[in-house]
J.: 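Input: one structure, supplied below.
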Amino acid sequence: MNTLSELRDRFEKVLSELTPTPDPFVAMIKPTQDAAFGDFQANCAMPLAKQRGTNPRSLAAEIVGKLDVTDLCHPLEVAGPGFINIRLKDEWLIERINNIVSDARLGIELATKPKRVVIDYSAPNVAKPMHVGHLRSTVLGNALYRVFKFCDHQVVGDNHIGDWGTQFGMILFGYKNLLDVSAFESNAVGELARLYRLVSQLSTYHDAKAELPETIKQHEQYREQREGLEKESDQHQGDKDFAKDLKTTRANEAQWNQQIVALKRIIADIESSSLLKNLADTHPQIAELARLETAKLHAGDEENTRLWNQFVPQCLAAIQGIYDRLDIRFDTTHGESYYNPMLANVVEEMQTKGLAVESDKAICVFIPGNAAPFLIRKSDGAFTYATTDLATIRYRVKDLNADTMIYVVDTRQSEHFRLLFETARLWGYVDRQFVHVNFGTILGKDNKPYKTRSGDTVGLESLLDAAVAKARQIVNENDDRKKDDAGNPTPELDDVTRAAVAETVGIGAIKYADLRHNRESDYVYDEDKMLATTGDTATYMQYAYARVCGIFRRGAINRETLRNEAGHIRFTHPSERALSLQLLRFSEALDGVLSECRPNILTDYLFTTANSFSTFYQECKVLKEQDAAIRTSRLLLCDLTARVIATGLELLGIKTCEQM
RNA sequence: GCGCCCAUAGCUCAGCUGGAUAGAGCAACGGAUUUCUAAUCCGUAGGCCGGGGGUUCGAAUCCCUCUGGGCGUACCA
């Protein structure tokens, strides 16, 4: 049991005498924000005193009087309006830290009630190469997957790939009409991706052409309205409603203007190339024809099915390359196509249960309190991703026996998931837990969604390459800088090792930069910052780890043997105590990650841990320590630190290297 | 129109169910080096937590309102 749980247990015994609902008060025992107040603090006396109508300070004193904690902490102090400050005894900390020295799990207990969890993450589209938009779901989902698994929950990582939608029709149409045969022979997936982009571009071109006149009309309308309002504005000085009106009109005008610019750009992109213009002219119905290909595929058309069976494995193999590089694995990869045979039945069931009704020829679930319906069959008879998601839920409950289903998906789909979960509950899945682990957008330095300079989405592969290349430079510089006592250069890493370190550092930097942010926030993608050699980066922790490995290498010390020897950790310097306390808090960090699905709690913990270690390492000699017992104690602390950091990083999907 | 989210140091961001003097990192400035890997450590400075009101012992956090931004709004997934 971790320190915090132990304390809470002790408090609960006392608090339950004072209130029938001790839980929220027990939860108010937490690590101190400021070390000056001790190691932990209990803030429960104030609200409890309010509930009971007594004096908070005297209640705090009463709680302190009843608590039996003399074995683990110094006498408790009541401070301020009724805070209870808790300072752990060194003996107790020492006992705890020595307990985990030889514990393979570093004091992390297995879940007492393992859940059956399905984590749905990454979910790329087979039709197009993975891009920066897939990064967060992939990295975040995988980190959660690892933490759940480490804590012994039964987890299924499922990659719900998009292999069945409209985009696939575009590939089929492209393949049949626009194929570059030699390109396809040399790089099938690349050519398919090109075809997808091309068909998609041509069809948005026609859409844009069709939309433009109406868009211009709308813009005109708002422009006129705005001008009219501006003329009258003198007569409406101080009229709030009028001002608001004018503002909205201006905003609308600007918005439509933006739309015009966007459409014109799409059109210009095609028309500036005679080749593209020609293609566009020869395929005016391209969008419709692509949709037809999708429909044929869904209807079981022989040729399209054959092509689908040919393309999907190829595309998956290409995506797998990125997953291998990112060290990401799934237990199942059930794409949308997997659920296709179940969709008709889902709609039927929803209808017979009276949950779904026809509206405008479409089949919808209307959920009380929600304006937007949940559309499960389109007016043309095709199913939607809502239908697939419902079929997926049924599958995950019935076949996988999942009690918790986690979706790691962009926050923009919040409404979809709200409706989906609501529908699932109406459908009868009331005893299952559905969680939308939503996340924000990755922005460029212009604070707009991250794009290349020309406005294209950034491919994931090139993102990784760029980071690794940059890391390689840093690795080179750093290794070249190493010198011996006489000042002669002594680089330690050969070329192969440098390349491996660069890969670890570069990929780690990207993952860490993503995970350290609160997932719900947007964040600015900044390669320089994530690969900075100073500060809160993966590199900082990887470096701390490598330093420890260096100690054992130079000292020729076998870590296994060390752990099994008679020595133990003792405190001779405050930094040793601080580091130990920090190492003992690993499980608190993991609890936090699990309860909120927030890996940034773990990154924060690891940064603090690496920092505590660096401070300790600055203050305390290890190999050079003369006193054998102290030396062993410090070596044990180093070993433990390295294991905590490596384990923590591994749970985030970030690798370490012995030397860098 | 309706709905959801955001605004915290010069910059990038934390801040868990309301808790003590609002924290990191970067950048700035000042220190530490016969380096057990300085990709390090220690310190200084930097804030009306967007504005206003409310709830209470106590608010960055909860409620209302205004301002400024983002996103979503039935047949794309």
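Every chain is numbered from 1 and lettered A, B, ... according to where its sequence line falls, protein lines coming before strand lines.
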J.: Does the side-chain ring of A:Phe37 sit on the six-membered ring of the B:rA20 base, less than 5.5 Å centre to centre and under 30° in tilt?
T.: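 Here the ring of A:Phe37 and the base of B:rA20 are stacked, with centres under 5.5 Å and planes under 30°.
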J.: I'd like the P distance from B:rG50 over to B:rA14, given in whole Å.
T.: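 So the two P atoms sit 14 Å from each other.
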J.: Is A:Tyr617 near enough to B:rU37 that one of its side-chain N or O atoms lies under 4.0 angstrom from OP1 or OP2?
T.: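 The answer is yes; a side-chain N or O of A:Tyr617 sits under 4.0 Å from OP1 or OP2.
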J.: Among side-chain atoms of A:Asn125 and A:Tyr196, is any donor-acceptor pair under 3.5 angstrom?
T.: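 Checked: A:Asn125/A:Tyr196 side chains show no N/O donor-acceptor pair below 3.5 Å.
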J.: Under a 3.5 Å threshold, yes or no: a donor from one side chain and an acceptor from the other, between A:Arg634 and A:Thr572?
T.: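 Indeed, the side chains of A:Arg634 and A:Thr572 share at least one donor-acceptor pair under 3.5 Å.
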J.: Heavy atoms only, 4.0 Å cut-off, all strands: where does A:Lys361 land among base, sugar-phosphate and nothing?
T.: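 Here A:Lys361 touches no strand at all.
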J.: Nearest whole Å is fine: how far is B:rU35 C1' from A:Leu623 CG?
T.: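 That distance rounds to 13 Å.
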J.: Reading RNA chain B from 5' onward, which residue's closest nucleotide shows up sooner: A:Gly80 or A:Met28?
T.: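 Checking each residue's closest nucleotide, the 5'-ward one belongs to A:Met28.
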J.: Work out how far the P atom of B:rG54 is from that of B:rA60, and round it to whole angstrom.
T.: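 After rounding to an integer number of Å, I get 15 Å for this pair.
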J.: Does a donor on one side chain and an acceptor on the other come within less than 3.5 Å for A:His416 and A:Tyr385?
T.: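 Looking only at side-chain atoms, A:Tyr385 and A:His416 do form a donor-acceptor pair, the distance falling under 3.5 Å.
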J.: Does the ring of A:Phe607 meet both stacking tests against the six-membered base ring of B:rA24: centre distance under 5.5 Å and plane angle under 30°?
T.: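 Per 5.5 Å and 30° rule: no stacking.
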J.: At 4.0 Å (heavy atoms only), tell me whether A:Ala79 reaches a base, stays on the sugar-phosphate, or touches nothing.
T.: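 Answer is base: heavy atoms of A:Ala79 come under 4.0 Å of a base.
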J.: Over all strands shown, is A:Asp360 touching base, sugar-phosphate only, or nothing at heavy-atom distances under 4.0 angstrom?
T.: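 Base, at least one base heavy atom under 4.0 Å.
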J.: Need one value for A:Cys638: base, sugar-phosphate or nothing, where a base atom within 4.0 Å counts as base even if backbone is also close, heavy atoms only.
T.: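 The answer is nothing, as A:Cys638 stays clear of every strand by at least 4.0 Å.
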J.: Answer yes or no: does a side-chain N or O of A:Thr537 lie under 4.0 Å from OP1 or OP2 of B:rG25?
T.: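 No, A:Thr537 has no side-chain N/O under 4.0 Å of OP1/OP2 on B:rG25.
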J.: Sticking with atom P, work out how far B:rU61 lies from B:rA22, rounded to a whole angstrom.
T.: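 These two P atoms come out 14 Å apart once rounded.
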J.: What's A:Arg553 touching, base or sugar-phosphate or nothing? Going by heavy atoms closer than 4.0 Å.
T.: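 Base: the residue A:Arg553, judged by heavy atoms under 4.0 Å, touches a nucleobase.
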J.: Taking the same atom, C1', in B:rU56 and in B:rG18, what whole-Å distance lies between them?
T.: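 Nearest-Å result for B:rU56 against B:rG18 at atom C1': 10 Å.
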J.: Regarding A:Tyr523 and A:Asp514, do their side chains bring together a donor and an acceptor under 3.5 Å, going by distance alone?
T.: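 There is such a pair between these side chains.
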J.: Mind checking if A:Gln167 touches a base, just sugar-phosphate, or nothing, with heavy atoms under 4.0 Å?
T.: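 Answer is nothing: A:Gln167 stays at 4.0 Å or more from every strand.
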J.: Does A:Tyr540 put a side-chain nitrogen or oxygen below 4.0 Å from OP1 or OP2 of B:rC41?
T.: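 Checking B:rC41 against A:Tyr540, a side-chain N or O does come within under 4.0 Å of OP1 or OP2.
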J.: Counting only side-chain heavy atoms from C-beta out, which of B:rU40, B:rC76, B:rU37 sits nearest to A:Gln618?
T.: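 Shortest atom-to-atom distance from the side chain points to B:rU40.
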J.: Report the nucleotide, chosen from B:rU40, B:rC13, B:rA39, that has the shortest atom-to-atom distance to any side-chain atom of A:Met660.
T.: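 So the side chain of A:Met660 is nearest to B:rA39.
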J.: If we call it a pair only when both distances are under 3.5 Å in a Watson-Crick or G-U wobble match, what pairs with B:rA60?
T.: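 Its partner: none found.
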J.: If you go through the side-chain atoms of A:Ser521, does one of them form a donor-acceptor pair with the base of B:rA14 closer than 3.5 Å?
T.: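 Absent.
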J.: Assign A:Ser379 to base, sugar-phosphate, or nothing according to its heavy-atom contacts below 4.0 angstrom with the strands shown.
T.: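 The residue A:Ser379 makes base contact.
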J.: With a 4.0 Å cutoff (strictly under), does any side-chain N or O of A:Arg481 reach OP1 or OP2 of B:rA39?
T.: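 Affirmative; the distance criterion is met.
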J.: Can you tell me if the side-chain N/O atoms of A:Arg547 get under 4.0 Å from OP1 or OP2 in B:rA38?
T.: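 Yes, because at least one side-chain N or O of A:Arg547 sits under 4.0 Å from OP1 or OP2 of B:rA38.
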J.: Please classify the nucleic acid contact of A:Pro47 as base, sugar-phosphate, or nothing, using heavy-atom distances under 4.0 Å.
T.: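 Since a base atom lies under 4.0 Å of A:Pro47, the category is base.
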J.: Touch check for A:Ala123, heavy atoms < 4.0 angstrom, all strands: base, sugar-phosphate only, or nothing?
T.: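 Nothing, no heavy atom under 4.0 Å.
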J.: Any chance the side chains of A:Asn518 and A:Arg598 put a donor and an acceptor closer than 3.5 Å?
T.: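 Note: A:Asn518 and A:Arg598 side chains meet the donor-acceptor criterion.
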J.: How is A:Val524 classified with respect to the nucleic acid when contacts are heavy atoms under 4.0 Å: base, sugar-phosphate, or nothing?
T.: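 Contact class for A:Val524: sugar-phosphate only.
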J.: Should A:Lys621 be listed as having a side-chain N or O under 4.0 Å from OP1 or OP2 of B:rC36?
T.: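 Checking B:rC36 against A:Lys621, a side-chain N or O does come within under 4.0 Å of OP1 or OP2.
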J.: Does either side chain, that of A:Glu253 or that of A:Thr249, offer a donor lying less than 3.5 Å from an acceptor on the other one?
T.: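 No donor-acceptor contact under 3.5 Å links the two side chains.
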J.: Quick one: do A:Glu658 and A:Arg547 satisfy salt bridge (charged side-chain N to carboxylate O under 4.0 Å, His left out)? Show the steps, please.
T.: CA-CA 8 Å; A:Glu658 303 270 311; A:Arg547 282 171 107 186; over 6 Å; no
J.: Between B:rG31 and B:rA45, how many Å separate the two C1' atoms, rounded to a whole number?
T.: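 To the nearest whole Å, 15 Å.
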J.: When you look at A:Phe83 and A:Phe37, which way does the ring pair (Phe, Tyr, Trp, His ring centres under 6.0 Å) test go after all the steps?
T.: CA-CA 9 Å; A:Phe83 296 104; A:Phe37 301 132; 7.4 Å; no
J.: Protein within reach of the bases, or only the backbone? For nucleotides 1-6 of chain B, mark each nucleotide 5' to 3' as B, S or -, using heavy atoms under 4.0 Å.
T.: S-----
J.: Taking only side-chain nitrogens and oxygens of A:Lys247, does any of them come within less than 4.0 Å of OP1 or OP2 of B:rG68?
T.: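 Affirmative; the distance criterion is met.
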J.: A:Gln33 side chain N/O closer than 4.0 Å to the phosphate oxygens (OP1, OP2) of B:rA20?
T.: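 So the side-chain polar atoms of A:Gln33 do come within 4.0 Å of the phosphate oxygens OP1 or OP2 of B:rA20, strictly under.
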J.: Considering just the side-chain nitrogens and oxygens of A:Asn43, establish if one lies under 4.0 Å of OP1 or OP2 belonging to B:rA20.
T.: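 Result: no.
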J.: For nucleotides B:rA27 and B:rU21, find the distance between their C1' atoms and express it as a whole number of Å.
T.: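 It comes out at 25 Å once rounded to the nearest Å.
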J.: Just do the salt bridge (charged side-chain N to carboxylate O under 4.0 Å, His left out) check on A:Asp446 and A:Lys451 with the steps written out, would you?
T.: CA-CA 10 Å; A:Asp446 57 358; A:Lys451 296 271 169 66; over 6 Å; no
J.: With no hydrogens and no angle check, just 3.5 Å: does a side-chain donor-acceptor pair link A:Ser614 and A:Asn611?
T.: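 The answer is no; no qualifying pair exists.
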J.: What nucleic acid atoms does A:Asn85 come within less than 4.0 Å of, heavy atoms only: base, sugar-phosphate, or nothing?
T.: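 Base, at least one base heavy atom under 4.0 Å.
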J.: Distance check, C1' atoms only: B:rC62 and B:rA9, in whole angstrom units.
T.: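 So the two C1' atoms sit 26 Å from each other.
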J.: Nearest to the A:Thr615 side chain among B:rC16, B:rA74, B:rC42, which nucleotide is it?
T.: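 Taking heavy atoms from C-beta onward, the closest nucleotide is B:rC42.
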J.: Need one value for A:Asp604: base, sugar-phosphate or nothing, where a base atom within 4.0 Å counts as base even if backbone is also close, heavy atoms only.
T.: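 Nothing, no heavy atom under 4.0 Å.
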J.: When all nucleic acid strands are considered with a 4.0 Å heavy-atom cut-off, which category describes A:Asn611: base, sugar-phosphate, or nothing?
T.: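 If one applies the 4.0 Å heavy-atom cut-off, A:Asn611 turns out to touch the sugar-phosphate alone, with no base involved.
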J.: When the C1' atoms of B:rC13 and B:rG1 are compared, how many Å lie between them, rounded to an integer?
T.: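 These two C1' atoms come out 35 Å apart once rounded.
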J.: Which sits closer to the 5' end of RNA chain B, A:Tyr543 or A:Tyr523, going by the nucleotide each is nearest to?
T.: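 So the residue in question is A:Tyr523.
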